[in-house]
Amino acid sequence: MAQIQVQHQAPVSGPNGVAPGAAGGAQFMLTSLYVGDLDVTVTDEQLYQLFSQVAPVASVRVCRDLASGRSLGYGYVNYNNLRDAARAMDLLNFTPLNNKPIRVMYSQRDPSLRKTGTANIFIKNLDKSIDHKALHDTFSSFGNILSCKISTDSFGQSKGYGFVQFDNEESAQNAIDKLNGMLINDKQVYVGHFLRKQERETALNKAKFNNVYVKNLSKSTTDEDLKTIFGEYGEITSAVVMRDADGKSKCFGFVNFENADDAAKAVEALNGKKFDDKEWYVGKAQKKSEREHELKAQFEQTMKEAADKSQGANLYIKNLDDSIGDETLKELFSEFGNITSCKVMRDPSGISKGSGFVAFSTPEEASRALAEMNGKMVVSKPLYVAVAQRKEERRARLQAQFSQMRPIIPSVAPRMPMYPAGAPGLGQQFLYGQAPPAMLPPQVIYLESLSILLT
DNA sequence: ACTGAGCGA
């Protein structure tokens, strides 16, 4: 097997070192490639084997978590000159490794230069047959692409939309102008600037409206007051403070403008202003359903952020001795950091299930605890410690596992029959998965996987 | 199910 050279290139400027990037003024290490979207099972050797087919490589590396050794899903390939690197990027971008297309870019370690968000475009209504490479080829005529991908599900199937990050705004605008609304594979595609959800919603909120909602009014504010204050911005058709049956102000109201531009001006001018020491909220009046939808979305966003923040800080423990309860579990792990929650799972009758969760304040603490505690003998048995997976991740992992079970056509499968003649399962066209050690009919494997997916 | 993620020795 080929030897992997581990010598590293000196990070110096020079003919082969730092060189000016294309328009936009970004600086790239033009001999150093960042390889992302790696399947976690991809190894240094595999990267080396692939990239050295194009030109001699100076070094390769799959980056790994220091404590657990788990692949971080990206790596680096360094070449001796920029021509080799450019050629490798061109030829090898989106090559599948372990069934997953890799994404190759120039290494750009300054995050501020990577996260500008400008010149980034979004494409949707793409035919499902269009893959990363086809997208790249379609858009590369408009400029230099830094990164490009189709969004896919856990089976690698296109979700029908994708992203192209150019290195300058003009290329992006040009691509939008030329391709938005065009037919690609008989489907009319949408091509526009990439907008985060928040930005899309603000854009949507700028849609015209005449009715304005105002809240946090003082008890004494009247319809007349609203008319006077909002009347400054244009012709008003109605202004009402909402009141209960006794005529007591509910401290909110509605002002309807003759024309939408004036309504927008009033919102702009009055939102957040103080009247009678009360800070008014002034905005587009929304239907109850719109408002509820927005609140729900906000709530979900908050939950998602909280989940992201705790990602990696929560450990799943199993093979726990039955005698261990919440307190003992906490004591076992407390030397590694601040424990925010700790729980032994129990069945309804209170008997330990032998598994539990320990959450730390930070992923670093959790990682240290994992490294130290996994496999450690506690009372009677060795602990199993892993980073807790969220339900969604567990599901995705099982799904990926399932998708990798390829049909085995009997004619190309080993000659040795897997089952005694007449055993169940022989009648079918193909068998799923690797040959099972037991003589289970293959469809049982299939159904088991499916039932896990469905739970 | 339809608007992202991503950088070391």
Side-chain angles (χ1 to χ4, degrees), chain A residues 4-12 17-18 21 26-38 44 47 57-66 69-79 85 89 93 100-128 130 132 135-136 145-167 172 175-176 180 187-204 297 300-301 304-305 308 311 392 395-396 399:
Chain A
I4 293 176
Q5 294 172 268
V6 287
Q7 85 216 28
H8 298 292
Q9 214 181 307
V12 293
V18 176
Q27 300 271 308
F28 300 119
M29 283 279 283
L30 288 179
T31 58
S32 189
L33 299 179
Y34 166 90
V35 185
D37 293 350
L38 293 179
D44 290 351
L47 274 193
V57 302
S59 66
V60 303
R61 152 183 303 271
V62 170
C63 294
R64 295 176 181 282
D65 178 83
L66 217 53
R70 219 168 49 121
S71 166
L72 296 172
Y74 68 88
Y76 294 94
V77 176
N78 297 313
Y79 283 97
M89 182 155 67
N93 201 4
K100 190 175 170 192
I102 62 175
R103 184 163 50 93
V104 187
M105 312 166 54
Y106 283 115
S107 171
Q108 174 50 272
R109 294 185 63 190
D110 182 345
S112 66
L113 294 174
R114 266 184 280 123
K115 290 180 179 165
T116 57
T118 172
N120 197 12
I121 67 178
F122 172 69
I123 303 105
K124 70 177 172 183
N125 206 28
L126 281 169
D127 189 90
K128 297 270 200 275
I130 295 171
H132 306 295
L135 186 70
H136 190 280
I145 294 175
L146 298 182
S147 163
C148 151
K149 84 190 274 183
I150 300 272
S151 189
T152 57
D153 63 18
S154 57
F155 296 89
Q157 273 295 313
S158 166
K159 292 197 209 172
Y161 63 93
F163 313 91
V164 176
Q165 170 78 63
F166 284 100
D167 69 350
I176 292 170
N180 185 30
K187 289 192 79 165
Q188 190 178 26
V189 296
Y190 165 89
V191 183
H193 283 106
F194 170 79
L195 293 175
R196 307 211 97 87
K197 195 167 181 194
Q198 195 65 55
E199 301 167 302
R200 279 204 312 284
E201 274 160 12
T202 7
L204 214 70
E300 276 165 5
Q301 180 67 21
K304 192 172 172 293
E305 274 163 18
D308 286 348
Q311 177 54 11
E392 265 313 300
R395 196 186 141 82
Q399 227 168 50

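Just so it is clear, the values below take in all heavy atoms, side chains as well, and ignore hydrogens, waters and symmetry mates. Below, chains carry the letters A, B, ... as their sequence lines are ordered, and counting in each starts from 1.
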Open item on the list: Can you identify which nucleotide, out of B:dT3, B:dC7, B:dG8, has its nearest atom closest to the A:Arg61 side chain?
Closed with: B:dG8
Open item on the list: With a cut-off of less than 4.0 Å, is there a side-chain N or O of A:Arg196 near OP1 or OP2 of B:dT3?
Closed with: no
Task: d(OH, A:Tyr161; P, B:dT3) in whole Å - done: 6 Å
Open item on the list: Strictly below 4.0 Å: does A:Arg114 bring a side-chain N or O up to OP1 or OP2 of B:dC7?
Closed with: yes
- [ ] Start with the C-alpha distance between A:Ile145 and A:Phe166, add both sets of side-chain angles, then the distance that settles side-chain contact (heavy atoms from CB on, under 4.5 Å), and finish with yes or no.
- [x] CA-CA 4 Å; A:Ile145 294 175; A:Phe166 284 100; 3.8 Å; yes
Open item on the list: Angle between ring planes, A:Tyr161 versus A:Phe122, binned at 30° and 60°: parallel, tilted or perpendicular?
Closed with: tilted
Task: Phosphate OP1/OP2 of B:dA5 contacted by A:Arg103 side-chain N/O (<4.0 Å) - done: no
Task: Separation of B:dA5 P from A:His132 NE2 (nearest whole Å) - done: 15 Å
Task: Distance in angstrom units between A:Asn120 CG and B:dT3 C1', rounded - done: 9 Å
- [ ] Identify which nucleotide among B:dG4, B:dC2, B:dG8 has an atom closest to any side-chain atom of A:Ser59, counting heavy atoms from C-beta outward.
- [x] B:dG8
TODO: Rounded off to whole Å, could you give me the OH-to-P distance for the A:Tyr106 and B:dA5 pair?
DONE: 25 Å
Open item on the list: Within the 4.0 Å heavy-atom criterion, would you say A:Ser147 contacts the bases, only the backbone, or no part of the nucleic acid?
Closed with: base
TODO: Take the protein atom CE of A:Met105 and the nucleotide atom P of B:dG6, then report the distance between them rounded to whole Å.
DONE: 11 Å
Task: Closest approach of A:Leu126 to A:Gly162 (non-hydrogen atoms, all atoms of both residues) - done: CD1-N, 4.1 Å
- [ ] Identify, with sequence neighbours excluded, every residue that meets side-chain hydrogen bond (donor to acceptor under 3.5 Å, both in side chains) alongside A:Thr116.
- [x] none
TODO: Check whether the side chain of A:Ser32 and the base of B:dG8 form a donor-acceptor pair under 3.5 Å.
DONE: yes
Open item on the list: Looking at B:dG6 and A:Tyr74: do their rings stack (centroid distance under 5.5 Å, interplanar angle under 30°)?
Closed with: no
TODO: Name all residues meeting the salt bridge (Lys or Arg N to Asp or Glu O under 4.0 Å) criterion together with A:Arg114; count only those two or more places apart in sequence or in a different chain, and write none if there are none.
DONE: none
Task: Closest-nucleotide 5' rank along DNA chain B - winner of A:Tyr76 and A:Asn125 - done: A:Asn125
Task: Shortest non-hydrogen contact between A:Pro111 and A:Arg109, atoms and distance - done: CD-O, 2.9 Å
Open item on the list: What's the closest nucleotide to the side chain of A:Cys63 if the choices are B:dG8, B:dA1, B:dT3?
Closed with: B:dG8
TODO: Ignoring hydrogens and angles, answer whether the base of B:dG6 and the side-chain atoms of A:Asp37 contain a donor-acceptor pair closer than 3.5 Å.
DONE: no
Open item on the list: I'd like to check, for A:Tyr34, whether its ring lies over the base of B:dC7 with centroids under 5.5 Å apart and a plane angle smaller than 30°.
Closed with: yes
Task: Nucleotide B:dG4, atom C1' - distance to CG of A:Leu135 in whole Å - done: 13 Å
TODO: Measure from the ring centre of A:Phe163 to the centre of the six-membered ring in the base of B:dG4, then say whether that distance is under 5.5 Å and the planes meet at under 30°.
DONE: yes
Task: Length of the CG-P vector between A:Leu33 and B:dG8, whole Å - done: 15 Å
Open item on the list: Using whole Å, what does the distance between atom P of nucleotide B:dC2 and atom NZ of A:Lys128 come to?
Closed with: 11 Å
- [ ] With DNA chain B as reference, determine whether A:Thr116 or A:Gly160 sits nearer its 5' end, using the nearest nucleotide of each.
- [x] A:Gly160
